[in-house]
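To keep things clear, I will list the structure first and then write my remarks on it.
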Amino acid sequence: MRHKDNLDALDGLNANEIQVIGKVFDEIEDLESVLYHRIVKQRLKVIEKLDQYVQEDALEKVLQEHIFEHLWLLDPSWERATDRVMEERVANSFKQIIDKLPEEERNTRIDIRYKRITGAHVIVELKKHSVRTDSPSLISQIQKYSRALKKYLRDNNIEEPVECICIVGKDLKDWATAEEKMESQRMFSAINARVLKYDELLTNARDSYREYLNNDEKVGRIQEILDSIGGDS
């Protein structure tokens, strides 16, 4: 109701009423903060549920079904994909690469997917939980898809960054020491890529959202009102 009142108020304002416009935007931001606060709490519940699958060693299948449609698990700033037509075309390019791969390499992954988010392009490779590979091999694999995507973007005069994320179940073979892991991270960073383990993915997402809830002071009075009428469900 308050959001609707704000929109109605905007319709009735003229350019000279700057102070009133500022007040309206402040109230809209306050309301959006409350709504996102509730979204974050729901996402935390999802992450806690996924934690159960980690213990049951079933996370691999659950992530395969959901992670590509819920990129906020990888990064809180990534919401929904924005260009399904482009995703379908890039997916066709990926399929041509996959069809030419040796069977051994094809069998190491569950899925590889491309998603476009606002201002960037993301390639996500989901490895089988049981597979243990090394940095050079993984980099060699993802670069095939990165090159294909970058060519598609160039051909369509699109200049936006490409990021690759590999999700694995086990430490890479060349992560035996802290120094080796740091060197591996530098190798991936050089091609704008990173590696996440299944359990690390959930921990990072959980920590990010909990930090948001702990530091968000804007919800204040409005959230208390919602809670008092049973709106926090």
Side-chain angles (χ1 to χ4, degrees), residues 58-75 77-175 180-181 183-201 204-205:
L59 183 60
E60 177 182 294
K61 184 176 186 298
V62 176
L63 282 182
Q64 182 185 10
E65 294 175 353
H66 299 292
I67 195 168
F68 298 108
E69 297 302 326
H70 302 287
L71 293 183
W72 51 265
L73 280 166
L74 292 172
D75 192 312
S77 66
W78 294 349
E79 299 292 338
R80 295 177 178 83
T82 58
D83 194 333
R84 290 195 176 275
V85 174
M86 183 180 293
E87 288 170 14
E88 290 175 2
R89 291 174 179 170
V90 173
N92 288 333
S93 298
F94 284 5
K95 184 178 184 304
Q96 294 175 22
I97 296 173
I98 292 170
D99 289 344
K100 297 177 182 178
L101 293 177
E103 184 177 357
E104 181 181 358
E105 184 175 332
R106 286 202 305 269
N107 290 339
T108 64
R109 77 164 50 91
I110 303 173
D111 206 352
I112 185 162
R113 209 77 72 83
Y114 157 77
K115 288 289 182 181
R116 185 181 185 187
I117 59 174
T118 304
H121 305 264
V122 181
I123 297 171
V124 181
E125 173 154 7
L126 189 60
K127 286 289 187 184
K128 290 183 177 179
H129 196 282
S130 58
V131 168
R132 191 159 184 250
T133 183
D134 55 55
S135 299
S137 299
L138 198 49
I139 288 172
S140 175
Q141 292 169 17
I142 61 176
Q143 279 188 316
K144 298 172 186 175
Y145 304 98
S146 179
R147 292 191 189 105
L149 175 55
K150 289 176 180 177
K151 181 181 184 303
Y152 175 87
L153 296 177
R154 285 196 305 271
D155 292 345
N156 288 274
N157 298 313
I158 299 173
E159 296 184 8
E160 292 174 335
V162 172
E163 180 174 359
C164 299
I165 300 177
C166 305
I167 305 173
V168 299
K170 301 180 182 299
D171 283 353
L172 301 188
K173 294 177 181 177
D174 51 330
W175 285 5
E180 288 179 322
K181 186 171 183 179
E183 178 58 29
S184 169
Q185 291 171 338
R186 282 193 288 268
M187 292 168 61
F188 281 99
S189 179
I191 61 169
N192 203 24
R194 52 189 164 120
V195 179
L196 288 173
K197 291 174 62 179
Y198 284 68
D199 52 354
E200 182 184 17
L201 182 155
N204 291 346

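Using a 30° and 60° split on the angle between ring planes, His121 and Tyr114 fall in the parallel class, below 30°.
Ile142 is not listed as a side-chain neighbour of Ile165, based on a closest heavy-atom distance of 4.5 Å or more. For the pair Gln185/Lys181, a side-chain contact is recorded, criterion being any heavy-atom separation below 4.5 Å from C-beta on. The shortest side-chain heavy-atom distance between Glu159 and Leu153 does not fall under the 4.5 Å cut-off. For the pair Phe188 and Leu172, the minimum side-chain heavy-atom distance is below 4.5 Å.
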Report the C-alpha distance between Val162 and Val122 in whole Å, list the side-chain angles of each, state the deciding distance to 0.1 Å, and finish with yes or no for side-chain contact (heavy atoms from CB on, under 4.5 Å).
CA-CA 6 Å; Val162 172; Val122 181; over 6 Å; no
For a side-chain contact (heavy atoms from CB on, under 4.5 Å) check, start with the C-alpha distance between Asn92 and Tyr152, then their side-chain angles and the critical distance, and finish with the verdict.
CA-CA 11 Å; Asn92 288 333; Tyr152 175 87; over 6 Å; no
Is there a side-chain contact (heavy atoms from CB on, under 4.5 Å) between Leu138 and Gln141? Walk through the geometry before answering.
CA-CA 5 Å; Leu138 198 49; Gln141 292 169 17; 4.0 Å; yes
Please test Cys164 against Tyr145 for side-chain contact (heavy atoms from CB on, under 4.5 Å), starting from the C-alpha separation and ending with a verdict.
CA-CA 9 Å; Cys164 299; Tyr145 304 98; over 6 Å; no
Should Glu163 and Arg194 be marked as a salt bridge (Lys or Arg N to Asp or Glu O under 4.0 Å) after you check the CA-CA gap, both sets of side-chain angles, and the distance that decides it?
CA-CA 8 Å; Glu163 180 174 359; Arg194 52 189 164 120; 2.6 Å; yes
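Pairing each heavy atom of Leu71 with each of Lys115, the nearest pair is CD1-CB, 3.7 Å. Counting all heavy atoms, side chain and backbone alike, Met187 lies closest to Ser135 at CE-CB, 4.1 Å.
The CD1 atom of Ile123 sits 13.0 Å away from the NZ atom of Lys144 when rounded to the nearest 0.5 Å. From Ile167, atom CD1 reaches atom OH of Tyr198 across 7.5 Å, with rounding to the nearest 0.5 Å. The line from CG of Leu101 to OG1 of Thr108 is 8.5 Å long, rounded to the nearest 0.5 Å. Separating the CG atom in Asn204 from the CG atom in Leu74 is a distance of 10.0 Å, to the nearest 0.5 Å. Atom CG in Leu196 sits 11.0 Å away from atom CG in Leu73 (nearest 0.5 Å). To the nearest 0.5 angstrom, Cys166 atom SG is 7.5 Å from Ile112 atom CD1.
With salt bridges taken as basic N to acidic carboxylate O contacts below 4.0 Å, none links Glu125 and Arg113. By the 4.0 Å N-to-carboxylate-O rule, Glu160 lies too far from Lys150 to be salt-bridged with it.
In this structure, Asp174 contributes its side chain and Asp134 its backbone to no donor-acceptor pair below 3.5 Å. For the pair Arg132 (side chain) and Asp171 (backbone), a donor-acceptor distance under 3.5 Å is present. The closest donor-acceptor contact from the side chain of Glu183 to the backbone of Glu180 lies at 3.5 Å or more, if one exists at all.
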